Amino acid sequence: MEVRNRGLVTALRYRGREGMWAWLLHRATGLGVLFFLIIHVIETAAVVYSPEFYDEALQIYKNPFFRFAELLIFFSVLFHAVNGSRIVIQDFWPYLMERQRQLTWAAGIVVLLVMVPVTWIMVAPVFGLAEEPGLERHLERCVERTQAPACLEVVE
Amino acid sequence: MPMVTLRIQRFDPENDQRPVYREYAVNADPTDRVLDAINSVKWYQDGSLTYRRSCAHGICGSDAMRINGANRLACKVLIRDVGAKVTIEPLMGFRVIKDLVVDMEPFFAQFRSVLPYLINDEGAPERERTQSVHEREVYDDTTKCILCAACTTSCPSFWADENFVGPAAIVNAHRFIFDSRDKAAAERLDILNDREGVWRCRTVFNCTEACPREIRITKAIGEVKKAILSSAR
């Protein structure tokens, strides 16, 4: 039998440092964003092909679970963008790679700094700690368009 | 002397179906090297344990292996830096011949593929080919390679694709591409401008972290990538 020590489990057990974890997360978030975009395109296309299905889908998204999923999507896009910028910067100025660990940490800190207020804005309303952003404007619009599907429950 | 437990991946192709881990307790000082502990196993406990070592002073590049999950030279790591329980496994990606010995032939084939020697067909000058301090400095870092394969076998791109030329070969190409006396830079850049060449590199930095000679490998690869792009213009 041939032994090569190159399977996925062996690979994940390798003790890489910041660069390896950033790369893994970059891959995972990239796939996550791609997966989201596919679902998003299908579901948005439904507004043309099957409006009932579209309305139903939007109702499902009101479940608090999806608020956390949306937060995860936001994190994925943000991390992929910031970390991707770090990689581009390194590629253009290779001498910066002498500070690769610090650059990776810097990217992580930028992501964290943005995530703190965004997490509050997105999650606090779920626990009733803050008002849903845009609620006021939504209610104003519903006065004019009481029959819009998103307004039906408001009017009730 | 304190006791240290070595957990070593063993594989004997003649008797084993798959690798097994065996534990050995040895006496070792904190200032001993991991290689001393492995020697102690071979010399006093189990003579069948198979591994490579030659100079035992960090310059021949024979005893690269995975120590606690990361590629290191066993002769350069002290017991006090790895703790009382040490896991020792062969390098990843190459075929295990026995225990900690892997088949390095594909590694040297990668190395040879980048023409790792001085090429200059101009007639010999009257005296030596002079080089300024700055010209020498440009490739100083990549002259330090000892071909231990710690970098190539730490690279996820290599784990996924054994045809990837690998960081070690690119380091050795860099050493001649940026040597002002060498005349075959274009040829080497052409070899590396390939989907199995420098573009497989995803700047994971595992190679840079693994190099026992502290060569800034990912940076060298980045410089080769830039050289390819600017020579194409």
Side-chain angles (χ1 to χ4, degrees), chain A residues 1-34 76-111, chain B residues 9-14 16-20 65-72 87 89-100 102-103 106 141 153-162 174 201-210 216-227 229:
Chain A
M1 200 195 87
E2 193 174 273
V3 173
R4 272 176 184 264
N5 284 305
R6 66 202 287 265
L8 183 65
V9 176
T10 315
L12 289 174
R13 268 182 45 236
Y14 187 85
R15 288 262 290 274
R17 294 190 49 122
E18 290 86 344
M20 178 166 150
W21 294 112
W23 167 75
L24 271 175
L25 199 54
H26 196 77
R27 285 279 155 128
T29 53
L31 282 174
V33 170
L34 178 68
S76 297
V77 173
L78 179 69
F79 179 84
H80 207 79
V82 174
N83 191 55
S85 306
R86 169 184 71 93
I87 295 167
V88 170
I89 289 167
Q90 286 173 355
D91 281 341
F92 275 103
W93 297 279
Y95 66 88
L96 291 176
M97 293 192 197
E98 291 181 19
R99 293 271 169 276
Q100 49 102 356
R101 281 186 206 160
Q102 289 88 333
L103 279 173
T104 308
W105 278 104
I109 288 167
V110 169
V111 170
Chain B
Q9 181 179 316
R10 304 290 308 268
F11 177 68
D12 175 2
E14 287 174 11
D16 297 334
Q17 283 301 305
R18 60 182 61 209
V20 288
M65 52 188 76
R66 251 182 309 157
I67 298 175
N68 283 348
N71 287 355
R72 296 281 179 267
T87 302
E89 297 157 300
L91 295 174
M92 291 168 62
F94 290 122
R95 182 177 63 88
V96 176
I97 295 173
K98 193 184 175 195
D99 297 341
L100 302 174
V102 297
D103 181 9
D141 203 34
T153 57
S154 74
C155 174
S157 298
F158 171 70
W159 300 335
D161 176 7
E162 59 183 330
H174 179 282
C201 168
R202 299 288 187 269
T203 59
V204 180
F205 290 99
N206 274 10
C207 54
T208 304
E209 303 284 5
R216 289 176 296 238
I217 301 175
T218 319
K219 178 181 165 232
I221 297 173
E223 287 168 356
V224 174
K225 285 175 180 169
K226 274 196 88 171
L229 290 181

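Remember, predicted model here, so these are calculated numbers, not experimental data. Each chain gets a letter, A, B and so on, in the order the sequences are listed, and its residues count up from 1.
- Residues of residues 98-106 of chain A having a heavy atom under 4.5 Å from any heavy atom of chain B, listed by number: A:Glu98, A:Gln100, A:Arg101.
- With a 6.0 Å radius and a threshold of 12 heavy atoms from other residues, nucleotides or ligands, B:Gln17 has its CD atom at or below the threshold.
- If you take CG on A:Asp91 and OG1 on B:Thr218, they are separated by 10.5 Å, rounding to the nearest 0.5 Å.
- Panel note: side chain A:Arg15, backbone B:Ala70; no donor-acceptor pair is recorded below 3.5 Å.
- Nearest heavy atoms, B:Lys226 versus A:Pro94: CD-CD, 3.5 Å.
- The distance from atom CG of B:Asn71 to atom OH of A:Tyr14, rounded to the nearest 0.5 Å, is 3.5 Å.
- Contacts between residues 76-90 of chain A and chain B, counted as heavy-atom pairs separated by less than 4.5 Å, involve A:Arg86, A:Ile87, A:Gln90.
- Taking both residues in full, the closest heavy atoms of A:Trp23 and B:Arg202 are given as NE1-CB, 3.8 Å, listed atom of the first, atom of the second, then distance.
- B:Arg66 contributes atom CZ, which lies 6.0 Å from atom CZ of A:Arg13 (distance to the nearest 0.5 angstrom).
- The most heavy-atom pairs under 4.5 Å with chain B, out of A:Gly16, A:Ala22, A:Ala11, come from A:Ala11.
- Between the side chain of A:Arg4 and the backbone N or O of B:Gly93, at least one donor-acceptor pair lies under 3.5 Å.
- For B:Glu162, the parts lying under 4.5 angstrom from a heavy atom of chain A are both the backbone and the side chain.
- At a 4.5 Å heavy-atom cutoff, the contact between B:Lys219 and chain A is made by backbone and side-chain atoms alike.
- Looking at A:Tyr95, the atoms closer than 4.5 Å to chain B (heavy atoms on both sides) sit in the backbone and in the side chain alike.
- In terms of non-hydrogen atom pairs under 4.5 Å with chain A, the most contact-rich of B:Lys225, B:Arg18, B:Arg95 is B:Arg95.
- Rounded to the nearest 0.5 Å, atoms CE (A:Met97) and OG1 (B:Thr203) are 6.0 Å apart.
- Using a 4.5 Å cut-off between heavy atoms, B:Ala220 does not touch chain A at all.
- Listed options B:Glu223, B:Met92, B:Gln9 were ranked by heavy-atom pairs under 4.5 angstrom with chain A; first place goes to B:Met92.
- The contact between B:Phe94 and chain A is made entirely by backbone atoms, counting heavy-atom distances below 4.5 Å.
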